[in-house]
Novice: 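Below you'll find the structure I mean.
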Amino acid sequence: ALLDERGTVSYRDLAGRVRAYAGWAVRQEIMPGDTVCLLLPNCADYLAIWLGIARVGGVAALVNTNLVGAALAHCLGIVAPRHVIVGAALLDNFAAARDTLAADVRCWAHGGDGLGLARIEAEIAVHGPPAPDSLETAAPTLGDRALYIYTSGTTGLPKAASVSHFRLMQWSHWFAGMMDVRPDDRMYDCL
């Protein structure tokens, strides 16, 4: 399913990681419509976290990793997250913005320690992935919000655009059809 500098992730392994992060979301009482900000560099767990959150009806806010200071604080705040997951390499950038978050926002580190944040991988390791059919949550509908993605901020601070599951499916089918994607094709994500 995925390749990166650390190795290969099979579809089976990706599905297990998605279930593990969905289990984490359930334990954190993430409800349909609740937002979790992802401030992470590109990695296999990025996709697994996003899909795990979506599996239980949560909304992943895909925060631009180049943001700092007021722009980062703005992007985190406008979506009113319940949780923020920060990659270890971005902890310094996040430190100043953290003080602007509501007191009840839970912050997690991914890929390393810092700022006294709990490590999300440690939480996942304790519980592991639940059985494939054991998550007792209703699957999101096509009309439900799936993501927040942000505008570039060229005319002011970035704005959070709401993307439904329907639009994700529509874009996926459009892209696959336009590119004539086949099962043996490999796509490269340069971001």
Novice: Tell me whether Leu168 is reachable from Val36 by hopping between hydrophobic residues (I, L, V, M, F, W, Y) whose side-chain heavy atoms are closer than 4.5 Å.
Specialist: yes
Novice: Could you walk me through whether Leu39 and Leu67 pass the side chain to side chain contact (heavy atoms under 4.5 Å, CB included) test, one step at a time?
Specialist: CA-CA 10 Å; Leu39 182 60; Leu67 295 175; over 6 Å; no
Novice: How many angstroms lie between atom CG of Leu90 and atom NE2 of His110, to the nearest 0.5 angstrom?
Specialist: 11.5 Å
Novice: Can you check whether Tyr150 reaches Leu62 side chain to side chain, under 4.5 Å on heavy atoms?
Specialist: no
Novice: Counting distance only, does the side-chain N/O of Thr8 pair as donor-acceptor with the main-chain N or O of Leu3 below 3.5 Å?
Specialist: no
Novice: Linking I/L/V/M/F/W/Y whenever their side-chain heavy atoms sit closer than 4.5 Å, directly or via other members, would Val63 and Val86 fall into one cluster?
Specialist: yes
Novice: When rounded to the nearest 0.5 angstrom, what is the spacing between CZ in Phe166 and CD in Gln170?
Specialist: 4.5 Å
Novice: Please enumerate all residues that pass side-chain hydrogen bond (donor to acceptor under 3.5 Å, both in side chains) together with Ser10, with sequence neighbours excluded.
Specialist: Asp13
Novice: Please step through side chain to side chain contact (heavy atoms under 4.5 Å, CB included) for the pair Arg98 and Leu117, ending with a clear verdict.
Specialist: CA-CA 11 Å; Arg98 182 181 184 189; Leu117 302 182; 3.4 Å; yes
Novice: Under the side-chain contact (heavy atoms from CB on, under 4.5 Å) test, which residues partner Thr141, sequence neighbours left out?
Specialist: Asp144
Novice: Going by side-chain contact (heavy atoms from CB on, under 4.5 Å), name the residues that satisfy it together with Arg17, two or more places apart in sequence or in a different chain.
Specialist: Val9, Ala44, Asp45, Ala48
Novice: In the single-linkage hydrophobic clustering (I, L, V, M, F, W, Y; side-chain heavy atoms under 4.5 Å), do Tyr46 and Ile149 co-cluster?
Specialist: yes
Novice: Between atom CD1 of Ile85 and atom CH2 of Trp50, what is the distance when rounded to the nearest 0.5 Å?
Specialist: 14.0 Å
Novice: Establish whether Ile120 and Leu101 are linked, either directly or via other cluster members, by ILVMFWY side-chain heavy-atom contacts under 4.5 Å.
Specialist: no
Novice: Quick check against the 3.5 Å criterion: does Tyr21 have a side-chain atom that pairs as donor or acceptor with the backbone of Ile53?
Specialist: no
Novice: Using side-chain contact (heavy atoms from CB on, under 4.5 Å) as the criterion, list what pairs up with Ala102, not counting sequence neighbours.
Specialist: Asp104, Val105
Novice: Mind listing the closest non-hydrogen atom pair of Cys37 and Pro81 along with its distance?
Specialist: SG-CB, 3.7 Å
Novice: Test your reading of the model: is there a side-chain donor-acceptor pair from Glu123 to the backbone of Ala118, 3.5 Å cut-off?
Specialist: no
Novice: Determine the minimum heavy-atom distance between Gly16 and Pro129, stating which atoms define it.
Specialist: O-CB, 3.2 Å
Novice: Under 6.0 Å from the CZ atom of Arg6, do we count more than 12 heavy atoms belonging to anything else shown?
Specialist: yes
Novice: Can you see whether Arg145 engages Ser162 through a side-chain donor-acceptor pair at a distance of less than 3.5 angstrom?
Specialist: yes
Novice: Show which residues join Met31 in its hydrophobic cluster (side-chain heavy-atom contacts under 4.5 Å, direct or indirect), or state none.
Specialist: none
Novice: Minimum heavy-atom separation for Pro130 to Arg19, with atom names?
Specialist: O-NE, 2.8 Å
Novice: Please find the pair of heavy atoms, one from Val56 and one from Ile30, that lie closest to each other, and give the distance.
Specialist: CG2-O, 4.3 Å
Novice: Locate the shortest heavy-atom distance separating Ala20 from Ile124; write the atom from each residue and the value.
Specialist: O-CD1, 3.4 Å
Novice: Should Ile49 and Leu51 count as side-chain neighbours, where that means a heavy-atom distance under 4.5 Å?
Specialist: no
Novice: Using side-chain heavy atoms (C-beta onward) and a distance below 4.5 Å, is Cys107 in contact with Phe94?
Specialist: yes
Novice: For the backbone of Gly23 and the side chain of Arg27, can you confirm whether one donor and one acceptor N or O come within less than 3.5 Å of each other?
Specialist: yes
Novice: Is there a path of hydrophobic side-chain contacts, each under 4.5 Å between heavy atoms of I, L, V, M, F, W or Y residues, that connects Val84 with Leu157?
Specialist: no
Novice: Could you please spell out the steps behind the side chain to side chain contact (heavy atoms under 4.5 Å, CB included) verdict for Leu76 and Thr100?
Specialist: CA-CA 9 Å; Leu76 295 172; Thr100 66; 5.8 Å; no
Novice: Quick check for you: to the nearest 0.5 Å, what is the distance between Leu47 atom CG and Asn42 atom CG?
Specialist: 9.5 Å
Novice: Nearest 0.5 Å, what's the CE-CG distance between Met187 and Leu2?
Specialist: 10.0 Å
Novice: Can you list every pair that meets side chain to side chain donor-acceptor pair (under 3.5 Å) and has a residue in residues 63-92, with sequence neighbours left out?
Specialist: Asp34-Arg82, Asn64-Asn66, His83-Trp108
Novice: To check you understand the geometry: which heavy-atom pair defines the closest contact between Ala54 and Pro140, and what is its length?
Specialist: O-CG, 3.2 Å
Novice: List the steps, then state whether side chain to side chain contact (heavy atoms under 4.5 Å, CB included) holds for Thr35 with Tyr148.
Specialist: CA-CA 9 Å; Thr35 300; Tyr148 283 113; 3.5 Å; yes
Novice: Taking atom CE as the centre, does Met178 end up with more than 12 heavy-atom neighbours from other residues, nucleotides or ligands that are less than 6.0 angstrom away?
Specialist: yes
